[in-house]
2 protein chains.
Amino acid sequence: MAKKSPTHARDTYHVGNLAPLLLDAARALLDQAGPNRLSLRAVSERVGVSPTAAYHHYANRAELLGHLAAQGFRELASALAARDGAGDSHPLRAASLAYFRFARRNPALYQLMFGPELAAGEMLPELRQAREESFGQLKRIIAELLRLDVGTPEVRSAALAGWSWVHGLASLAIHGVLQFPAGASDDHFVDRALQGFEYLFQAGQQPD
Amino acid sequence: MAKKSPTHARDTYHVGNLAPLLLDAARALLDQAGPNRLSLRAVSERVGVSPTAAYHHYANRAELLGHLAAQGFRELASALAARDGAGDSHPLRAASLAYFRFARRNPALYQLMFGPELAAGEMLPELRQAREESFGQLKRIIAELLRLDVGTPEVRSAALAGWSWVHGLASLAIHGVLQFPAGASDDHFVDRALQGFEYLFQAGQQPD
DNA sequence: ACCTGAACACCGTTCAAGT
DNA sequence: ACCTGAACACCGTTCAAGT
């Protein structure tokens, strides 16, 4: 007869490679509980291991979260590389849509990737690298669009602009700031913002 | 002789209007410790009051944070209304600069305003209203720029675009994602992104 | 009406001890 | 080498009790 059966009881000693198991459990917990209430203890319990076992694989909570975020940036980079579901629309639209879809499908992960949890303190090298990979993918797309070399100031500025607006849109959408018609699809958000930029910068170019 | 002097000892019973004192202390703690480690207990201790006193003025931690964020949105709205320090530059640049400066001067508050802490659960009516006030101010500026009425679809789309990009830029800057030359001023970020949009949408308009 | 103290169920993290 | 359990210093929150 079990003792107390805390949802995921532990009756044996140890398992094999705990590190990835912890990461998977953290990812699952993240999606269902949000970035704030993701506790190391809850992750450990979900795996069926003692509350302190994680410290033999990750320095602390921040490092586990860092690996999780790094995983997110890698997924984002490959989502950008694939650019599914945009048909044969304009490359800028296709890339924006791919980015936005990733964010909306993984809201908690996305919040973690850009949230205050990781902004403080030293950054995991793996995370920094994965983030660069994401941004690099974005720059490559924009370089192709501008028919310029990656690394030119034009591409860098355009990438900054592009990343800013699509990240901002994703962030606002996830946060629930944007009140849209109930069944608003991802395409609606992106297309509406793109159209908004036309209005905005047409007005910016005509003299006062 | 004091007992243990925990930095801010409490020797008397109660004070006057605790609510604003707690809010001020929370604001101060927020700036120096970040949005995550802002604990109700630390706030109470800073004011010199018992750890549970706050519950007679705020339902819980989330509500206090909500009031703090609402305060932030009100400040943002008036920063947008004032638009100081942009000289007589283009109205879009002036507004963007005002927004961006607010975010960079109050990074922790800004992270709280758009962070995951508030996204979950019910939202404080005061917070919702303050946020609408901020967004309304933005829409008014854009309506003036487009010489259209606030509430037209053009203005709404353009406001969505404008808010997205400037929020995205602020968010990326605060998060430390953007690696800029050491002494990069607020103007640099904004101007560079604005220039980036020109490259981006010029390329978008010429045919393939 | 407002504040306190004890208490409960949680946290992250350290450390000696077990296997 | 890897994992556990006890322990410490923290949390948010509830509740009976004090003023």
Side-chain angles (χ1 to χ4, degrees), chain A residues 3-23 25-26 29-30 32-68 112 116-118 120-122 124, chain B residues 3-23 25-26 29-30 32-68 112 116-118 120-122 124:
Chain A
K3 298 179 175 184
K4 290 171 66 182
S5 79
T7 316
H8 289 85
R10 166 175 75 252
D11 24 39
T12 161
Y13 186 67
H14 113 291
V15 224
N17 47 348
L18 237 185
L21 288 180
L22 287 166
L23 215 54
L29 256 176
L30 179 64
Q32 87 179 55
N36 304 316
R37 289 184 347 217
L38 179 59
S39 81
L40 224 49
R41 290 178 106 111
V43 170
S44 303
E45 203 219 332
R46 180 178 252 263
V47 173
V49 95
S50 97
T52 62
Y55 287 90
H56 297 273
H57 302 271
Y58 302 99
N60 47 35
R61 178 176 184 271
E63 190 176 300
L64 196 159
L65 261 49
H67 281 280
L68 210 54
L112 176 69
E117 309 250 22
L118 299 175
E122 289 304 297
L124 207 61
Chain B
K3 297 179 175 183
K4 292 170 65 181
S5 77
T7 315
H8 289 85
R10 165 174 74 252
D11 24 40
T12 159
Y13 186 68
H14 104 292
V15 225
N17 47 347
L18 238 186
L21 289 181
L22 288 166
L23 214 55
L29 256 177
L30 179 65
Q32 87 178 57
N36 303 316
R37 291 187 343 220
L38 179 59
S39 81
L40 224 48
R41 290 178 106 112
V43 171
S44 302
E45 203 220 332
R46 180 179 252 263
V47 172
V49 95
S50 97
T52 61
Y55 287 90
H56 297 274
H57 302 272
Y58 302 99
N60 48 35
R61 179 176 184 271
E63 190 176 299
L64 195 159
L65 261 49
H67 281 279
L68 211 54
L112 176 68
E117 309 249 25
L118 300 175
E122 288 304 297
L124 207 61

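Lettering of chains follows the sequences in order, A, B, ..., and the numbering in each one begins at 1.
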task: Not counting sequence neighbours, list each pair that qualifies as a salt bridge (charged side-chain N to carboxylate O under 4.0 Å, His left out) and has a residue in residues 53-64 of chain A.
output: A:Arg61-A:Glu117
statement: Residues B:Pro51 and B:Ser44: closest non-hydrogen pair is O-OG, 3.8 Å
- line: The side-chain contact (heavy atoms from CB on, under 4.5 Å) partners of A:Glu122 (sequence neighbours excluded) come to none
- prompt: Contacts to DNA chain C from residues 55-65 of chain B, heavy-atom cutoff under 4.0 Å, which residues?
  reply: B:His56, B:His57
task: Give the rounded distance in Å between these two atoms: CG of B:Leu18 and C1' of C:dT4.
output: 12 Å
message: Can you identify which nucleotide, out of C:dT14, D:dC11, C:dT4, has its nearest atom closest to the B:Arg41 side chain?
response: D:dC11
task: Quick one: closest heavy-atom pair of A:Leu118 and A:Leu112, and the distance?
output: CD1-O, 3.3 Å
- request: Output yes when at least one side-chain N/O atom of B:Ser39 is less than 4.0 Å from OP1 or OP2 of D:dC11, else no.
  value: yes
- prompt: Roughly, in whole Å, what's the span from CD in B:Glu45 to C1' in C:dG5?
  reply: 16 Å
- request: May I have the distance from B:Leu22 (atom CG) to C:dT4 (atom P), rounded to whole angstrom?
  value: 10 Å
message: Show me the pairs that pass salt bridge (charged side-chain N to carboxylate O under 4.0 Å, His left out) and involve residues 49-59 of chain B, at least two apart or across chains.
response: none
message: By nearest heavy atom, map A:Thr52 and A:Arg37 onto DNA chain C; which one lands nearer the 5' end?
response: A:Arg37
Sequence-distant partners of A:Ser39, side-chain hydrogen bond (donor to acceptor under 3.5 Å, both in side chains), two or more places apart: none
Interatomic distance, A:Leu124 atom CG to A:Leu68 atom CG [nearest 0.5 angstrom]: 11.5 Å
message: Counting only side-chain heavy atoms from C-beta out, which of C:dG12, D:dC11, C:dC15 sits nearest to A:Leu40?
response: C:dG12
message: Treating B:Tyr58 as the side-chain partner and B:Leu65 as the backbone partner, does any N or O pair qualify as donor plus acceptor under 3.5 Å?
response: no
Pairing annotation in dot-bracket form, given for DNA chain D with Watson-Crick or G-U pairs under 3.5 Å and | for cross-strand partners: ||.|||||...|||||.||
